[in-house]
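Structure, as structure tokens:
Along the sequence shown, residues carry numbers from 1.
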Amino acid sequence: MTKNIRKISSEKNVQELAEFIQKWKTNEQNALELKENVERYLGNAWIDKKADFEKVYGIWSEFRDSAINGIGGMTMNERLYLFGLFDLYEKATNNAKKEKFYTKLMAEK
């Protein structure tokens, strides 16, 4: 998703949003916090071209609706895949580190 957002425009606010979403993958926030923060960002950041905003919001909305709003009915593997966390999860060296992904993606072990 972040690659597609980055491609839309080189405008600062578009690039910062993509970076914010990318950094979420390694911070302590869960999926609902990601949703709240991105929605807040989109409501407060000005993207100069309306067409660019609509493209960014379209990408985000599709992801939000399928991945975040539908997270409750997914397996852990589906969550890892949709959120782009599969590789990071596989690189986790112990159960405590893997447990953080369960928390991030609001899954029960």
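Tyr57 is linked by a ring-ring contact (aromatic ring centres under 6.0 Å, His included) to Phe53, counting only residues two or more places apart in sequence or in another chain. Qualifying salt bridge (charged side-chain N to carboxylate O under 4.0 Å, His left out) partners for Lys12, counting only residues two or more places apart in sequence or in other chains: Glu16. In this structure Phe63 satisfies the ring-ring contact (aromatic ring centres under 6.0 Å, His included) test together with Trp60, Phe83, sequence neighbours excluded. Under the side-chain contact (heavy atoms from CB on, under 4.5 Å) criterion, Thr26 pairs with Leu88, sequence neighbours left out. For Leu82, the side-chain contact (heavy atoms from CB on, under 4.5 Å) partners are Ala67, Met74, not counting sequence neighbours.
Under the 3.5 Å distance criterion, the side-chain polar atoms of Glu11 are matched with a main-chain donor or acceptor of Asp48. Remark: the backbone N or O of Gln29 is paired with a side-chain donor or acceptor of Lys104 at under 3.5 angstrom. Proximity of a side-chain donor or acceptor of Trp24 to a complementary backbone N or O of Asn30 within less than 3.5 Å is detected. Remark: the backbone N or O of Met76 is not paired with any side-chain donor or acceptor of Tyr102 at under 3.5 angstrom. With hydrogens and angles ignored, the 3.5 Å screen pairs no side-chain donor or acceptor of Asn13 with any backbone N or O of Ile47.
Of the charged side-chain nitrogens involved, at least one lies within less than 4.0 Å of a carboxylate oxygen, so that Arg6 and Glu19 count as a salt-bridged pair.
For residues 82-91, there are no side chain to side chain donor-acceptor pair (under 3.5 Å) pairs, not counting sequence neighbours.
Closest approach of Ser9 and Gln15 over heavy atoms only: O-NE2, 2.6 Å. Across all non-hydrogen atoms, the minimal contact from Val14 to Ile5 is CG1-O, 3.4 Å.
Put simply, NZ on Lys55 and CD1 on Ile8 are 7.0 Å apart, with the number rounded to the nearest 0.5 Å.
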